[in-house]
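Everything on this sheet refers to the single structure shown next.
Values reported hereafter were calculated over all heavy atoms of this structure, with side chains retained and with hydrogens, waters and symmetry mates removed.
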Amino acid sequence: MRAAIALSVALFVAGCSGTDTKYDKTAGWSAEQLYADAKAEADAGAWTEARERLTAIESRYPFGVYAQQALIDLAYVNWKDGENEQALAAIDRFQQMYPNHPGTDYMLYLKGLINFTPASAFMSNLTGQDPAERDPKGLRASYDAFNELIKRYPSSKYTPDAEKRVTWLVNAIAMNEVYVARYYYERGAYVAAANRAQTVITDFEGAPASEEALVIMVASYDKLGLTDLKDDAQRVLKTNYPNGTVNEQTLLTDKSWWNPFSWK
């Protein structure tokens, strides 16, 4: 009797524990089956399911061809699902594991897209946060990724679009510097304003934001009583922008010139 009771209890416990185990319909699937299903889920916008299939390929078949492609697709799926940090982590892992993979150009392009975000100064207008407290790291990371793509893979099909985005990014980053310089100027920190504006001239030569930077430099040096530096900046401003319409008054009162969403 005791033996029968013990056996019944054991079977009952085993049955209960079995109900807690999640059924995995992909158990025993080949890498090809998992990848095909992942593609189908991704095409349907089922990012969670697609992520599970791709992750399964990585864990079950880590040394196969499908594992390499799964990691590429995993970065894309995470990005589309709003998981940017996970997407960037997948890209970094891919670059470390497969530095010479034919898909590297795409991964660099994707990395640039993920970091291609509106400039922080514009977001400061919406949030009320001081722009001097923000750093456009995303813009710079995007610029670095696109620039690496352009240099390493000039014939890639992704390079033409990357070149257009780099042109925009250069001025967006420069404009962020100008915005911060204006922030300092408006608060009487003229040395900081002049230095930040000078960064635009030295680091982003030829960027459209240079005109605004020079105006701030002229105004800041004027406030500081540095006549020689003011005259030098004024001369450079007139030489490069003889028909310029930006001056101290319009720059500090009109904020419409700052429009990071003017990407085309």
Side-chain angles (χ1 to χ4, degrees), residues 84-85 88 111-112 114-148 165-264:
N84 288 356
E85 292 301 322
L88 291 173
K111 188 174 184 178
I114 293 171
N115 287 297
F116 194 77
T117 54
S120 62
F122 178 79
M123 298 308 296
S124 299
N125 285 341
L126 298 180
T127 63
Q129 182 178 10
D130 293 342
E133 297 177 358
R134 299 180 62 88
D135 181 26
K137 291 181 180 179
L139 293 176
R140 292 183 181 276
S142 181
Y143 171 83
D144 290 341
F146 285 138
N147 213 33
E148 184 178 353
R165 292 176 186 273
V166 162
T167 299
W168 182 87
L169 281 164
V170 166
N171 197 55
I173 297 171
M175 274 295 197
N176 185 274
E177 296 293 331
V178 169
Y179 193 94
V180 175
R182 188 179 73 173
Y183 169 82
Y184 286 138
Y185 181 86
E186 290 175 339
R187 285 152 183 79
Y190 303 121
V191 173
N195 289 340
R196 208 69 185 242
Q198 180 66 43
T199 298
V200 176
I201 306 303
T202 56
D203 293 357
F204 306 99
E205 183 178 358
S210 297
E211 183 179 4
E212 286 85 354
L214 285 166
V215 170
I216 292 177
M217 287 176 65
V218 171
S220 298
Y221 290 141
D222 183 48
K223 295 292 186 181
L224 293 168
L226 301 174
T227 306
D228 291 342
L229 291 176
K230 172 193 172 184
D231 292 342
D232 288 342
Q234 186 73 55
R235 183 169 57 255
V236 174
L237 177 63
K238 289 184 177 180
T239 300
N240 289 276
Y241 304 97
N243 301 316
T245 58
V246 180
N247 55 47
E248 179 183 356
Q249 182 178 2
T250 59
L251 184 66
L252 298 179
T253 57
D254 179 17
K255 297 186 178 181
S256 63
W257 58 270
W258 175 257
N259 183 17
F261 281 127
S262 61
W263 157 254
K264 295 181 181 179

Measuring only between side-chain heavy atoms, which start at C-beta, is [X] closer than 4.5 Å to [Y]?
{"X": "D231", "Y": "T227", "answer": "yes"}
{"X": "I201", "Y": "M217", "answer": "yes"}
{"X": "F204", "Y": "N171", "answer": "no"}
{"X": "R182", "Y": "E212", "answer": "no"}

Listed by chain and number, what are the ring-ring contact (aromatic ring centres under 6.0 Å, His included) partners of Y190, not counting sequence neighbours?
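For Y190 the ring-ring contact (aromatic ring centres under 6.0 Å, His included) partners, ignoring immediate neighbours, are Y185.
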Could you tell me the separation between the [atom1] atom of [X] and the [atom2] atom of [Y], rounded to the nearest 0.5 Å?
{"X": "Q234", "Y": "T239", "atom1": "CD", "atom2": "OG1", "answer": "10.0 Å"}
{"X": "T199", "Y": "I173", "atom1": "OG1", "atom2": "CD1", "answer": "12.5 Å"}
{"X": "R140", "Y": "N176", "atom1": "CZ", "atom2": "CG", "answer": "8.0 Å"}
{"X": "L237", "Y": "D232", "atom1": "CG", "atom2": "CG", "answer": "12.5 Å"}
{"X": "S210", "Y": "M175", "atom1": "OG", "atom2": "CE", "answer": "9.5 Å"}
{"X": "R235", "Y": "N240", "atom1": "CZ", "atom2": "CG", "answer": "11.5 Å"}

Between [X] and [Y], what is the shortest heavy-atom contact and its length?
{"X": "A209", "Y": "V178", "value": "O-CG2, 3.6 Å"}
{"X": "G112", "Y": "S142", "value": "O-OG, 2.8 Å"}
{"X": "I216", "Y": "A193", "value": "CG2-O, 4.1 Å"}
{"X": "F146", "Y": "R165", "value": "CZ-CD, 3.5 Å"}
{"X": "A174", "Y": "V200", "value": "O-CG2, 3.6 Å"}
{"X": "A213", "Y": "A197", "value": "O-CB, 3.4 Å"}

